[in-house]
Each structure stands twice: as C-alpha cells, then as structure tokens.
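Numbers for residues simply follow the sequence, beginning at 1.
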Amino acid sequence: MRQILWLVVAVAFVAGLVVPDGTESAQEECPPRDPRVAAPYAVTGYWVIPRADPCVTRRMVAAIRGIGGDTLITFGPRFSVGEDPALAGCVVDGLPCARLSGKEVRRVYSYATSEEFGKGLLRCPGIDRRIESGGRVFYRVSLAASCSDPVHDLVLVSTDGDGLGNLMAEAAAYGMTVFPGLPAAPQREGKPWEPDHAHTAALNAFTARVLADYRTRWGASKAFGGVYQSFELAARDRVQKDPIIALYAAQHEVVAAALPGKRIVVSPYIDARRGRGFPPAQVEAGMADIAGTRAGLPMAIAVQDGRGTGKVPVYGGHESTATVEPRLVPVVGEVSYREAYYGATRDYIEAAARHVPGGVELWVNVEGFEPTPAAGECGRVEPLPLRGRTTKARIDRQVMAAGTHASKIISYGWEPFFTCQARYDTPSLADDIASGWQQPIIVSASEKEMNGRPGILVEGYNLRGGTLRVQGTVIRPEWYGRGRLESAWAPYTPAGPLTSITATNEAGHSSTSPYVISR
C-alpha cells in the first residue's frame with residue numbers, strides 16, 4: 001500500500017512540474033497520441049468523467065479508443081437552487097458574486113462543472129462575467145429577459161478546469177464523438193426522482209446559454225455529436241402528465257432551437273423485479289413517450305440493461321427455474337429467476353425493438369459493474385451505493401442478451417469500473433477486454449435451411465473461421481457473411497428441446513458462454 005501511495009504522489013508531483021497552465025502548451029507536454037485500435041470490442045461507447053489534466057484525458061481517450069470505443073458521454077452537472085456554500089469565495093469588484101450593484105437579485109442558482117465556457121455564455125456586459133477569484137474560476141450569468149431589467153435571477157458557476165474542452169479536443173483528434181450532458185434539472189424535495197418544475201423556466205434559459213456556447217466553440221467539430229439527457233427515467237408506460245416527460249419535452253425544445261440536427265441520447269432504465277418493477281410489455285409505450293419529446297431531432301434511446309444494479313438478470317429462457325446467480329442474491333434473495341423477476345434483459349430489449357419510433361435508434365447500455373462489491377474486489381466507493389467490479393465474461397453475456405437489435409452498445413461507466421485494479425499488479429477490466437477481445441460472442445442462433453439442407457445460423461462477433469461446438473459435436477461452418485454483425489452457417493439437425501452452441505474462431509479463441517436455442 002505504501003508503494004502504491006508513493007507512486008500516486010510521485011505521479012502527481014511530476015505532473016505538477018511538467019503540465020503548464022495553458023491547455024495547448026500542456027497538451028504539447030503529453031505523450032504522443034496513439035491512434036491504433038488494437039482490440040476492437042463489441043462495446044463502443046462509455047460514460048466518462050471530464051478531467052482538468054489534459055494528459056490524463058489523453059491517456060483515457062487513447063485507452064478507450066484502443067478497445068474500439070468511438071463514443072464518449074458525460075453526465076450534466078446539477079442545476080441547483082440556492083447559492084452553494086462552495087461559492088463563498090467568489091468575489092468580484094469587492095462584492096460577493098451573488099450581489100449586483102444597483103440591481104435586485106431575486107434568486108440564485110448554482111452549477112458546479114468541469115468545463116470552462118467561452119463568450120457564448122456571456123450576454124449582459126458588466127453582469128455576466130468570467131471571474132477569477134481566490135485562485136479559482138467562476139462565471140456569473142443573468143437569466144433576465146433583458147440586461148436592463150431591474151430584477152435578475154443569477155446562476156453562479158464554479159469550475160475545476162476545462163475537462164470537457166480537453167475531452168472534446170482529444171475526441172476530435174481520435175475521430176471520436178462526444179455527447180456532453182445537458183444541465184440536470186433540480187429535483188423535487190421529498191421526491192428526488194422527479195424534476196422540480198418550479199425552476200424549469202430558469203433551467204431552460206440556462207440550458208440555452210450553455211448550448212449557445214457549445215455551438216460557438218464546437219459547432220464545426222465532427223467530435224460534437226449532440227447532448228445526453230442527464231435526468232433519468234424508466235422505459236415504461238407512464239401517467240398522462242408525467243413530470244419527467246414534461247421536462248424532456250421542454251428541455252429538448254431548447255436543444256432543437258440551439259443545435260438543429262444534433263442527436264439527443266437518452267438512457268432509460270428497466271426494472272424486472274417482481275413487486276417493484278414492471279413487465280417487458282410496458283417498454284414499447286415507454287419508448288414511444290420518450291421519442292415524443294425529441295422535438296424533431298434524431299434520438300438514440302440507450303436502454304440500460306439492468307444487470308449491474310441487479311434489477312434485471314441475464315439468463316436464458318431454459319434457466320427460469322434455476323436459482324439466481326450469487327451476485328444477484330443481495331438484491332432479490334436466494335430464489336429462482338422466475339420468482340424474482342418478470343423476465344430477463346433479452347425480453348426487455350426484444351420488447352423495445354418491436355416498434356422503434358421514427359427518428360430513433362435503439363442502443364443498449366450494458367451496466368459494467370456488480371450490485372455489491374465482493375471481498376478483495378475493487379469498485380466504486382463513492383458516491384453510494386457501493387458497486388463491485390465485474391468480469392469480461394459477464395460483459396460478454398450482456399452483449400449476448402442485447403441480441404441483434406441494438407445498433408450500438410455502450411456502457412456505464414469507464415471509471416472506476418473498467419479501470420480499477422484489486423492490486424497494482426492485477427489487470428483491470430479494460431485490460432481483460434484488451435487481452436480477450438477476440439473471443440467470439442454469439443448474440444443470435446436459429447435453425448435455418450440453406451440449399452435445402454437443415455442447419456444452424458449464428459450471428460455475433462469474431463466468428464470467422466474455426467468451428468462451432470453444438471451439443472458437444474464439433475462442426476465446421478460452410479458459409480460466412482458479414483453485415484453489421486458476422487454470420488456463420490453450419491449443417492446440423494437439433495435432436496432435443498435445447499441446443500447449446502459455442503464458437504472457436506480461426507485465431508483459436510473460444511466464446512466465454514454458450515448460446516442456447518430453446519425449441
């Protein structure tokens with residue numbers, strides 16, 4: 001432990017010596033970019049945390065690109081009601097930043113972020129300001145309809161550096177796409193899962209200013225793909241005047257006005273727990289409600305698969321009477337899948353795929369963690385709840401459960417779940433993916449005749465060459481195809497109600513879990 005702490009301190013000390021204040025000169029001190037995609041995995045997007053250090057950002061983006069990532073998503077900071085005590089050090093012209101000389105301040109909002117804004121955020125001379133105070137950077141933004149109004153609502157912004165700007169610069173250099181999080185709505189007191197609509201007008205006014213600044217700075221950048229809707233909701237049938245859908249509709253109208261043609265990414269959750277969740281049949285209506293808020297913009301609905309939180313299991317239909325796997329016991333108890341859940345991830349993704357609304361792409365967000373940590377396992381310590389690190393084989397099973405329906409698979413979240421190590425000399429989950437990316441993953445299998453002969457058609461990743469093991473019989477595919485996924489066909493006539501299939505490709509790598517066809 002002392003060696004690890006010494007290494008962290010040493011790295012921080014060296015970084016402090018070699019990284020100047022200016023972003024451009026700091027980036028010149030970073031290691032050269034490595035554009036290679038050495039281990040292209042099925043997951044191609046990750047939630048990330050913007051970092052003020054440009055070299056840390058470059059290493060993170062390079063690592064994600066190295067395993068095939070092309071998409072980066074950030075959470076939007078909370079647009080909070082009231083003045084955050086952390087803003088007490090903000091002083092301008094001898095006055096606290098929350099005061100205006102000769103003007104009445106009616107209400108103050110706070111916004112703590114990891115980005116630095118440009119002139120697009122600032123509208124009212126003398127009131128809207130970029131402020132350097134006490135060694136920190138702040139922004140003061142008026143939400144008044146007119147700069148000459150006698151009464152103003154203010155947003156005080158604190159930042160720890162231009163992490164988002166660093167991320168955008170690296171993504172552009174690597175040919176990747178970034179979806180920054182929209183400012184997240186204030187939450188209702190006593191009902192934090194709902195937005196406080198008393199402040200939606202203020203939120204939208206501030207959102208418009210933030211997006212105007214994004215348009216000015218990044219409008220011409222291919223790396224700027226759109227925005228991520230940070231306020232979470234369930235992909236289920238909802239009440240007629242649902243407050244979260246109302247928030248989405250209002251805020252997405254602002255996005256459409258500021259960023260025409262850009263994509264909105266939404267990642268709703270599913271919950272299959274009996275008594276607390278909802279059955280798969282409700283997902284189609286949930287998708288339609290969400291799509292109805294897109295304000296004419298393209299939208300990606302990235303359904304959370306639920307396995308990381310333990311709200312939805314990953315199992316085959318033939319396993320419904322089996323006891324849930326040990327990592328799910330703390331969530332639902334030691335019972336069967338059928339007793340604990342309405343269905344599995346595949347059931348919910350298939351329900352979402354039955355009618356994908358126009359203008360929408362179906363993505364799947366595979367949760368890259370375990371519900372609780374195990375002894376000796378790294379994971380998330382804060383914020384609560386505690387989460388544990390999962391395995392590459394478990395992620396493979398989640399990819400299998402996404403099936404052929406998802407046009408893109410992304411994952412929450414890169415840090416700490418893909419990067420943490422139980423010890424300094426043990427591999428991270430990202431390391432395991434890099435070493436095992438060639439292992440085949442079968443996402444679909446079915447009986448299919450070809451040229452009048454019965455056989456098995458499988459689809460997935462890294463299938464080319466090698467063999468299929470079907471119910472213990474090794475057979476060699478006679479046909480391969482490639483579209484968005486790889487395909488392989490082999491002659492075989494199933495003899496029973498269940499057919500278990502694994503693949504070994506021409507590189508000698510085998511799938512980590514079998515795919516089972518139920519007849």
Side-chain angles (χ1 to χ4, degrees), residues 36-44 66-69 307 314-319 322 325 344-346 364 366 368 390-406 409 411 418 427-451 453-519:
R36 292 174 298 172
V37 181
Y41 187 56
V43 177
T44 57
I67 58 172
R307 176 53 185 83
V314 179
Y315 70 91
H318 63 290
E319 299 173 299
E325 58 187 295
T345 292
R346 180 175 291 271
V364 172
V366 298
T390 191
T391 64
K392 194 262 184 185
R394 218 286 312 278
I395 298 289
D396 285 357
R397 288 171 57 207
Q398 291 170 269
V399 172
M400 291 172 64
T404 61
H405 306 295
I409 299 177
S411 183
F418 286 80
S428 66
L429 178 55
D431 292 330
D432 289 342
I433 288 173
S435 62
W437 70 272
Q438 288 180 286
Q439 293 166 322
I441 303 175
I442 299 174
V443 302
S444 174
S446 60
E447 297 179 52
K448 182 177 178 63
E449 285 191 0
M450 187 169 286
N451 297 323
R453 301 165 65 202
I456 297 287
L457 177 69
V458 300
E459 295 179 87
Y461 303 86
N462 298 313
L463 300 178
R464 182 162 290 279
T467 58
L468 297 177
R469 179 178 289 273
V470 185
Q471 290 298 101
T473 300
V474 176
I475 54 179
R476 187 169 295 277
E478 297 182 2
W479 175 89
Y480 290 97
R482 174 138 198 163
R484 189 171 57 82
L485 298 168
E486 294 181 10
S487 303
W489 181 88
Y492 184 81
T493 302
L498 299 176
T499 303
S500 174
I501 309 169
T502 57
T504 300
N505 58 25
E506 60 190 358
H509 299 274
S510 298
S511 43
T512 55
S513 297
Y515 189 99
V516 177
I517 302 175
S518 299
R519 302 179 74 190

Gln471 side chain vs Ser500 backbone, donor-acceptor pair below 3.5 Å: yes
Could you walk me through whether Arg397 and Glu325 pass salt bridge (charged side-chain N to carboxylate O under 4.0 Å, His left out), step by step? CA-CA 13 Å; Arg397 288 171 57 207; Glu325 58 187 295; 3.5 Å; yes
My understanding is that only residues two or more places apart in sequence, or in another chain, count here; which of them pass salt bridge (charged side-chain N to carboxylate O under 4.0 Å, His left out) with Arg36? Asp34
Quick one: does Ser511's side chain have a donor or acceptor within less than 3.5 Å of a partner on Thr502's backbone? no
Pairwise distance CG(Leu485) to CD1(Ile442) - rounded to 0.5 angstrom: 12.0 Å
Output all residues satisfying side-chain contact (heavy atoms from CB on, under 4.5 Å) with His509, sequence neighbours left out; order by chain, then residue number. Gln438, Gln439, Pro440, Asn505, Ala507
4.5 Å side-chain heavy-atom contact, Glu478 and Trp489: yes
Who passes ring pair (Phe, Tyr, Trp, His ring centres under 6.0 Å) against Tyr315, sequence neighbours left out? Tyr337
Could you list the residues that satisfy ring pair (Phe, Tyr, Trp, His ring centres under 6.0 Å) with Tyr41, not counting sequence neighbours? none
State, with a plain yes or no, whether a side-chain heavy atom of Ser518 is found less than 4.5 Å away from one of Leu498. yes
Name every donor-acceptor pair, under 3.5 Å, that has one atom in a side chain of residues 462-469 and the other anywhere in the protein, sequence neighbours excluded.
residue : atom : partner : partner atom : Å
Asn462  : ND2  : Trp437  : O            : 2.8
Arg469  : NH1  : Gly472  : O            : 3.3

Is a side-chain N or O of Ser411 found less than 3.5 angstrom from the main chain of Val366, in a donor-acceptor match? yes
What closest approach, in Å, do Arg484 and Ala406 show between heavy atoms, and which atom pair accounts for it? NH1-O, 2.7 Å
Out of curiosity, Met450 CE to Leu457 CG, how far, rounded to the nearest 0.5 Å? 6.5 Å
Set of salt bridge (charged side-chain N to carboxylate O under 4.0 Å, His left out) partners for Glu449, sequence neighbours left out: none
Can you tell me if Arg307 uses its side chain to pair, donor with acceptor, with the backbone of Ile395 under 3.5 Å? no
Leu429 backbone acceptor or donor facing Asp432 side chain under 3.5 Å: no
So do Val470 and Ile475 actually touch side chain to side chain, heavy atoms under 4.5 Å? yes
State the CD1-OH distance between Ile441 and Tyr461, to the nearest 0.5 angstrom. 7.0 Å
Point-to-point distance, once rounded to the nearest 0.5 Å, from CG of Asp431 to CD1 of Ile67: 9.5 Å
Given side chains that start at C-beta, do those of Ile456 and Ile517 come closer than 4.5 Å, heavy atoms only? yes
Grab the two heavy atoms, one from Ala42 and one from Ile409, that are nearest each other, plus how far apart they are. O-CB, 3.9 Å
Might you point out which heavy atoms bring Glu459 and Ser487 nearest each other, and give the distance in Å? CG-OG, 3.7 Å
